[in-house]
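Single-structure report; data block below.
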Amino acid sequence: MSTQKSEVKIMPRAIVCEDTNLRGDITISGGCVIHPSATIVAESGPIIIGENCIVEEYVSIVHRVPPGQAVQSDRPPVLVIGANNVFEVGCRIEALKIGERNIFECHSSVSADVKISNGCVIGAGCHLTGAQDLPENTVITGKDCILREALEKQSTQTLQLDFLRKVLPNYHHIRKVTFDPKKIRTQV
C-alpha cells in the first residue's frame, strides 16, 4: 500500500463534494462534478481528470499499474482521463487510458489493462477484463457484453452539468478550489 501524501488540486468551476474519498496526486479540471461517496485513488501515479467530467455516487476510479507490468522510468505513469466523460453510479474503473466523451454506465467495470479511446459506451453491468484497446465509438452492452460500433458520436452532458452545478451545492458541502492557474508564472 502506498504511503504517498495526498495532493488534490481542484481547478476553478469544479464542483467536488466534501464527502468524497480522494487519495494521491489528483488534478480535477474545471467544470467537473464529483458526487458524494465517489472514490478516486492515484495508487500507481498521478490522475488528471479532464474538463466537464461527471463522477457519480459510489464510483471508484483507481490508477493501478496491471500486475506483472513494470514501470519503465523513474517517474510514475500518469492516468489522463479526457474531457466530457460520465462515470455513472457504482462503476469501477482501473483503465490505463481514457479518452474523451465516454460513458461508463451503472455498475460497469474496466480492469487495469484496458485502454478506452473516444466516444465509447460501457453498458450497465458490463465488465471489461484482459489487455485490450477499445476503438473509437465502441458500444458494449448486454449480459454477454456484445461489442458494436455506435452509429453517432456521443454528445456532451451540458444540461446535466449545468443542473448539477446548481443543485449539488444546495444539498452538500463542497470542497474549495485549491489551485489557481493565474498564479503560475509563464516562463519565457
Side-chain angles (χ1 to χ4, degrees), residues 8-11 13-16 22 24-35 38-56 59-66 69 71-73 75-142 145-162 164 181:
V8 177
K9 294 178 273 314
I10 302 172
M11 300 295 175
R13 294 188 329 104
I15 300 291
V16 180
L22 305 175
D25 185 356
I26 301 166
T27 301
I28 301 170
S29 296
C32 288
V33 175
I34 314 292
H35 288 243
T39 299
I40 303 173
V41 179
E43 184 177 293
S44 295
I47 296 175
I48 299 172
I49 301 174
E51 292 185 345
N52 300 317
C53 287
I54 300 172
V55 179
E56 295 183 355
V59 166
S60 177
I61 299 173
V62 180
H63 178 30
R64 180 177 296 139
V65 173
Q69 184 176 341
V71 176
Q72 301 293 327
S73 68
R75 292 177 27 196
V78 177
L79 169 59
V80 177
I81 298 173
N84 301 304
N85 288 295
V86 178
F87 301 89
E88 293 183 355
V89 175
C91 68
R92 178 164 181 82
I93 309 301
E94 296 181 8
L96 286 174
K97 173 187 174 256
I98 300 172
E100 298 182 350
R101 297 179 331 278
N102 298 295
I103 299 175
F104 300 86
E105 292 184 350
C106 297
H107 300 286
S108 61
S109 68
V110 177
S111 71
D113 44 5
V114 176
K115 294 179 182 175
I116 310 290
S117 59
N118 301 313
C120 297
V121 177
I122 312 304
C126 289
H127 304 283
L128 292 181
T129 57
Q132 55 186 306
D133 292 2
L134 285 188
E136 289 199 11
N137 303 317
T138 299
V139 177
I140 299 176
T141 59
C145 297
I146 297 169
L147 187 136
R148 66 177 176 82
E149 184 178 345
L151 298 176
E152 51 189 55
K153 293 185 177 188
Q154 298 300 321
S155 60
T156 60
Q157 305 292 327
T158 306
L159 293 175
Q160 184 179 6
L161 279 165
D162 290 343
L164 290 169

Taking atom [atom1] of [X] and atom [atom2] of [Y], what is their separation to the nearest 0.5 Å?
X	Y	atom1	atom2	result
I61	I47	CD1	CD1	7.0 Å
I48	T27	CD1	OG1	5.0 Å
N84	C32	CG	SG	9.0 Å
I98	S117	CD1	OG	11.5 Å
I49	L22	CD1	CG	8.0 Å
M11	E51	CE	CD	9.5 Å

Looking at every heavy atom in both [X] and [Y], which two are closest together, and how far apart are they?
X	Y	result
S60	R92	OG-NH1, 2.8 Å
S29	G50	CB-C, 3.6 Å
I116	A95	CG1-CB, 4.3 Å
I26	I40	CD1-O, 3.3 Å
E56	A38	O-CB, 3.8 Å
E105	G123	OE1-CA, 3.3 Å

Completion exercise
residues 123-142 vs ring pair (Phe, Tyr, Trp, His ring centres under 6.0 Å), sequence neighbours excluded, gives none
Exercise for the section: Only pairs at least two apart or in different chains count here, so list each ring pair (Phe, Tyr, Trp, His ring centres under 6.0 Å) that has a residue in residues 92-115. Expected result: F87-F104
Side-chain atoms of residues 128-142: list all donor-acceptor pairs with protein atoms under 3.5 Å, sequence neighbours left out, distances to 0.1 Å.
from : atom 1 : to   : atom 2 : distance (Å)
Q132 : NE2    : T129 : O      : 2.9
E136 : OE2    : N118 : ND2    : 3.2
T138 : OG1    : P135 : O      : 2.6

Are [X] and [Y] side-chain neighbours, meaning at least one heavy-atom pair lies under 4.5 Å?
X	Y	value
L164	I15	no
P46	P76	yes
S111	E94	no
S108	E88	no

Exercise for the section: Let me see the working for V33 and Q160 under side-chain contact (heavy atoms from CB on, under 4.5 Å), right down to the final yes or no. Expected result: CA-CA 10 Å; V33 175; Q160 184 179 6; over 6 Å; no
Handout entry: H35 side chain vs V89 backbone, donor-acceptor pair below 3.5 Å
Key = no
Handout entry: Check: G99 main-chain N/O paired with N85 side-chain donor or acceptor under 3.5 Å
Key = yes
